[in-house]
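First the structure, which I've put down as structure tokens, then a few questions once you've had a look.
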Amino acid sequence: METKTRENWSSKAGFILAAAGSAIGLGNIWKFPYSVGTNGGGAYVAVYLLFLVLIGTPLMLAAITLGRKTQLSVFGAYKSIDRRWSFVGFLAVICGFVILAFYSSVGGWILYYFKNAVMGNLNTKDPQVLASIFSNMMNSPATLIVYQLIFMALTMLIVINGIKKGIEVTSKVMMPGLFILLIIIAIRSVTLEGSMEGIKFLLVPDFSKITLEVAKNAMAQVFFSLSIGMGVMITYGSYLDKEVNLLSTAVSIPALDTLAALVAGFATIPAVFALGFEVGEGPGLMFITLPAVFASMPLGQIFCIAFFLMVTFAALTSSMSMLEISVSYFVDELQKDRKKSTLAVGIVIFLMGIPASLSLVQGSSFYIGSLSFFDIYDKLSSNILLTTGAFLLSIFVAWILTTKEAVKEIELSGIRFKLAPVWSFLVKYVVPVGVFIILFNSYKDFIIALLN
Ligand code: PHE
């Protein structure tokens, strides 16, 4: 593939939209709000923001720079600089399989809720009714698997159509729409009677709640949410041409991503308190809370339909980037046919995803130790694989490519990188050491959970 002329993004805006499309997804809208709820509120938000600035954003710059310098996707990028690092590409492929296996399950929930929104079934504020809609879905293996299949099929369809058409066009329309909608929902949520407690829960950190567990989850969430650690941003960066200002790019993606997560937090958490839901609910939080917010809005059903439609697109722009990484390995490295590779990889991921969905059904035996398959995929991908990938990325850019070379690449567009010494220091020392401490504990806890 590298002998052919590579497609470039038609514009920098196209790249930002696509990269933001990968970053902004269920991680922001579904996972961030419920993780805030289960990890102690404002303390988690504070740790998240700290890791975002010190670790996530510097790594975003590292990833995009590595991609643009080599003009290669993740496998080629590492390999072209040092052959011994090709294994990072494999790690990325495996990570793509594992993440999408459970992401597609949640994508299926979104589709199911979209259907129910259209049918008007979500039009109630009653917490009990909403909880039972969610648990009925969770306890119907057929529903879970059929919708997961539809979600996977949509993802495969987009990836088969190639990078530009699929990714760019979809992102351009849906992302701005989602932002506007989230802001409207957030405004409704914070103006509900009794929302103040929720706003405080989000914004006021109780520092005694910061534990190793919270730090571990916050870091995994930074990588998950920014799509960092499995080569998505390296690959997307490889399509950028040399005139593009990498600095502003690497800052705007995390900024947009975090904005989306925070707005989703404001859309969900204050309403949880105002309408009588349980903040520590876990993965069902958004699904039971937001319909109640819509039910308290004029034209609620229309907002509800539009919301689940746009979240579907946000999820798809993320899922296609995961699938793209695994598929491009077969296409670029093994010279396989794109269509066949997408079908084969997609089907394997779907099959892997079935136990993840089934493990959610009450009384399921799809457990290893104390972890359900859903949790295994979730933890394995974010806490272990993405975090390992992020660690390796920092070591690679800092010490193998060297920050000096990276800074040269960054300055190619004619800008002066004034914060280069700060960035170099972060990528050389702060990031690897910080990530390693967390990573070590994540491995330990993951193994213990599997054995228990
Ligand atoms: N960032 C995506 C989200 O927040 C998930 C993702 C992770 C996508 C890793 C690609 C790679 O939903």
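Whatever order the structure lists ligands and atoms in, that order sets their numbers, starting from 1.
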| query | For atom 2 (C) of ligand 1, which protein heavy atom lies nearest, and how many Å away is it? | reply |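 So the nearest neighbour among protein heavy atoms is S22 O, 3.2 Å.
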| task | Kindly give the heavy-atom pair with the smallest separation between S328 and F75, and that separation in Å. | result |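 Taking S328 first and F75 second, the nearest heavy atoms are OG-CE1, 3.6 Å.
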| How does K31 reach ligand 1, if at all, at less than 4.0 Å between non-hydrogen atoms: by side chain, backbone, both, or neither? | neither
| query | Do other residues, nucleotides or ligands put more than 12 heavy atoms under 6.0 Å from K242 NZ? | reply | yes
| query | Which of the atoms in ligand 1, numbered in the order shown and given with their element, are less than 4.0 Å from a heavy-atom of S225? | reply |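 Those qualifying, in numeric order: 1 (N), 4 (O).
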| Proximal ligand 1 atoms for N28, defined as those under 4.0 Å from one of its heavy atoms |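 Answer, ordered by atom number: 4 (O).
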| field | Under 4.0 Å to a heavy atom of L26 - the qualifying atoms of ligand 1, by number | value | 12 (O)
| field | Enumerated ligand 1 atoms positioned under 4.0 Å from heavy atoms of I99 | value | 9 (C)
| message | Counting neighbours of CZ on F179 that are heavy atoms of other residues, nucleotides or ligands and sit closer than 6.0 Å, is the number greater than 12? | response |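 Yes, enclosed.
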| field | Protein contact of atom 8 (C) of ligand 1 - nearest heavy atom, named by residue and atom, plus distance | value |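 The closest heavy atom on the protein side is S227 OG, 3.3 Å.
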| request: For residues W30 and Y34, establish whether the separation of their ring centroids is below 6.0 Å. | output: yes
| query | Nearest protein heavy-atom contact for atom 7 (C) of ligand 1: which residue, which atom, what distance? | reply |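 Checking every protein heavy atom, the shortest distance to atom 7 (C) of ligand 1 gives F224 O, 3.3 Å.
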| task | Answer yes or no: does an N/O atom from I24 fall short of 3.5 Å to an N/O atom of ligand 1? | result |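 Not met; the criterion fails.
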| Ligand-side contact atoms (ligand 1) for residue partner V232, heavy atom cut-off under 4.0 Å |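 Once the distances to V232 are compared, the set is 10 (C), 11 (C).
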| message | Would you say Q221 and S35 are linked by a side-chain donor-acceptor pair, where the criterion is simply a distance under 3.5 Å? | response | no
| Distance-only donor-acceptor check, side chains S22 and S227, under 3.5 Å | yes
| Under 4.0 Å between a Lys/Arg side-chain N and an Asp/Glu carboxylate O for K379 and D445? | no
| field | Parallel, tilted or perpendicular: rings of Y103 and F151 (30°, 60°) | value | tilted
| Which protein heavy atom lies closest to atom 3 (C) of ligand 1, and at what distance to 0.1 Å? | A23 O, 3.3 Å
| Protein contact of atom 12 (O) of ligand 1 - nearest heavy atom, named by residue and atom, plus distance | Y103 OH, 2.4 Å
